[in-house]
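Reminder, nothing fancy here: chain letters follow the sequence lines and each chain counts from 1. Values reported hereafter were calculated over all heavy atoms of this structure, with side chains retained and with hydrogens, waters and symmetry mates removed.
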Amino acid sequence: MATTRPDVPARARLERFDGAELALHWVNAALFGILILTAAILYIGPLSALVGRRELVRYLHVVSGLALPFPLVAARFGPWRRAFVADVRALARFDDDDRTWLRSLGRNKGVRMGKFHPGQKLNAAFTLGTIVVMLATGSIMHWFDFFPVEWRTGATFVHDWLAIVLAIVILGHIKMALSDGDARRGMSQGWVPTVWARRHRPKWYEEMTGHAASPGRGGAPPESG
Amino acid sequence: MEGKPVGRRVVLGMMGTGVAGILFGSKAADLLERVVAPIASRDGTGFLSLFPVGRFRIYTVTGRLHSRSDVDYRLNVAGNVDTPVTFTLDELRAMPATRMTRDFQCVTGWRVHDVKWTGVRLADLLDKAGAKEGSWGVRLLSFDGAYTETLTMEQARRDDVIVAYEMHNKPVTAAHGGPARLYVAPMYGYKSIKWLETIEVSETEARRGYWEVRGYDTDAWIGKSNGRDDRPV
């Protein structure tokens with residue numbers, strides 16, 4: 001984690017996430033990884049046949065699913081919660097620029113971003129919603145004895161389709177991360193180069209440094225967007 | 001903090017959709033099924049089979065899959081018979097085969113269209129052991145150690161009730177109840193006991209099956225039981 005890149009000296013960095021947030025992201029990523037892998041084995045016939053051991057795979061899937069809320073609760077209520085709580089608030093609210101971007105269905109490149117891009121905000125909300133819905137439907141599937149049979153079919157229907165949507169969203173998330181090494185460093189080492197923030201997150205840059213961000217790529221004035 | 005709580009709306013919206021899906025999803029699934037099944041059957045790539053439409057759901061009552069190799073598999077016919085018989089899988093395969101292509105309808109609502117089954121008529125197995133005249137019916141036991149089913153003698157002797165060892169011209173997999181399972185075409189899936197191990201001819205009315213003691217109908221005719229109105233297969 002502490003690898004210092006000589007090309008970005010400490011004074012040219014902005015802290016983006018603290019250690020607790022990085023831990024939460026990567027614990028979640030690991031759990032989602034296990035869930036997707038085990039889901040694929042349970043769901044795709046040829047993979048099921050290849051791996052076998054269905055009861056073990058199912059057990060892993062259920063246990064990692066049930067584990068999902070714990071890191072979130074720890075991040076939100078633990079003594080290390082400060083940065084996470086602030087970021088959740090920033091992720092939850094869409095300002096005028098964000099809504100302009102939303103209304104243009106992502107085509108308006110002229111809007112000025114805060115700490116989070118509205119796409120990232122949507123991704124965060126979607127992920128939280130997914131965790132809630134998958135936990136609920138998964139629980140009905142697992143403890144089906146306690147529910148009407150129609151609910152079991154309905155829960156399976158929701159669980160399956162949402163899983164497919166989730167897989168697509170996560171692929172998009174990874175693709176975006178792969179295309180931006182500086183943003184990726186934000187989630188692996190916790191900081192981003194100040195110039196990146198100035199260019200891609202001008203409103204956040206202004207908040208953090210007190211300097212005006214001159215419009216650059218991704219920060220062009222609205223009339224040119 | 002300025003701005004609109006769009007994030008909260010997204011989360012609440014997803015939760016609402018999720019609840020609606022749980023309550024009405026079985027109807028939506030059925031509708032989708034009718035629309036997509038004819039398209040999927042012409043899809044040579046198998047790509048559509050990745051989507052959750054018209055798929056088998058694998059249920060086990062023990063929470064785990066029990067598997068038995070083809071070599072170790074044995075099927076016993078016992079109880080009120082002249083001579084108890086034990087069949088190996090090869091012996092089942094050597095008997096006259098019955099093939100049928102029928103839908104598989106689950107009492108929870110899902111239906112898989114046009115499943116090809118190959119197997120031996122249950123009636124033939126009963127004849128081999130010499131099931132005694134006037135018996136009430138059969139009690140069927142699974143090697144999962146928990147699941148049981150019953151059929152009256154009249155039901156058991158129907159031509160569309162088979163011990164299936166092939167599904168879509170391939171051996172029945174462990175997930176689908178292999179090496180051999182029952183397939184009771186005119187009844188809901190829970191009658192088609194998986195991992196079939198013992199067929200016990202019963203002189204008097206047998207103790208009801210696993211789901212029947214939990215409230216399912218004993219005579220599980222598709223569309224005429226369990227309060228459902230599915231089309232017969």
Practice prompt. State which residue, out of A/V133, A/I140, A/T156, A/T153, fulfils the side chain to side chain contact (heavy atoms under 4.5 Å, CB included) condition with B/I22.
Written response: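 Answer to the side chain to side chain contact (heavy atoms under 4.5 Å, CB included) test with B/I22 among A/V133, A/I140, A/T156, A/T153: A/I140.
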Fill in: Per-residue contact mode, A/F147 against chain B (heavy atom under 4.5 angstrom)
neither
Fill in: Toward chain B, the part of A/L42 with a non-hydrogen atom under 4.5 Å
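Neither the backbone nor the side chain of A/L42 comes within 4.5 Å of chain B.
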When you look at [atom1] of [X], are more than 12 heavy atoms from neighbouring residues, nucleotides or ligands closer to it than 6.0 Å?
| X | atom1 | result |
| --- | --- | --- |
| A/R184 | CZ | yes |
| A/M208 | CE | yes |
| A/W204 | CH2 | yes |
| B/R9 | CZ | yes |
| B/M100 | CE | yes |

Worksheet entry | Toward chain A, the part of B/A28 with a non-hydrogen atom under 4.5 Å |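 For B/A28, backbone and side chain are both near chain A.
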Discussion item. Tell me the closest heavy-atom pair linking B/G3 and A/R93, and the distance in Å.
Written reply: O-NH2, 2.8 Å
Item to complete: Check B/G7 against A/A125 and note the closest heavy-atom contact, atom names and distance.
Response: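 Minimum heavy-atom separation between B/G7 and A/A125: O-CB, 3.6 Å.
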Just so I understand: if I count every heavy-atom pair under 4.5 Å between each of [options] and chain B, which residue has the most?
| options | answer |
| --- | --- |
| A/P148, A/A155, A/G154, A/A136 | A/G154 |
| A/E150, A/H159, A/H142 | A/E150 |
| A/V158, A/L122, A/T127 | A/V158 |

Worksheet entry | Flag side-chain contact, heavy atom, 4.5 Å: A/D98 against B/V6 | no
Worksheet item: Looking at side-chain heavy atoms only, is the closest gap between B/L32 and A/W161 below 4.5 Å?
Response: yes
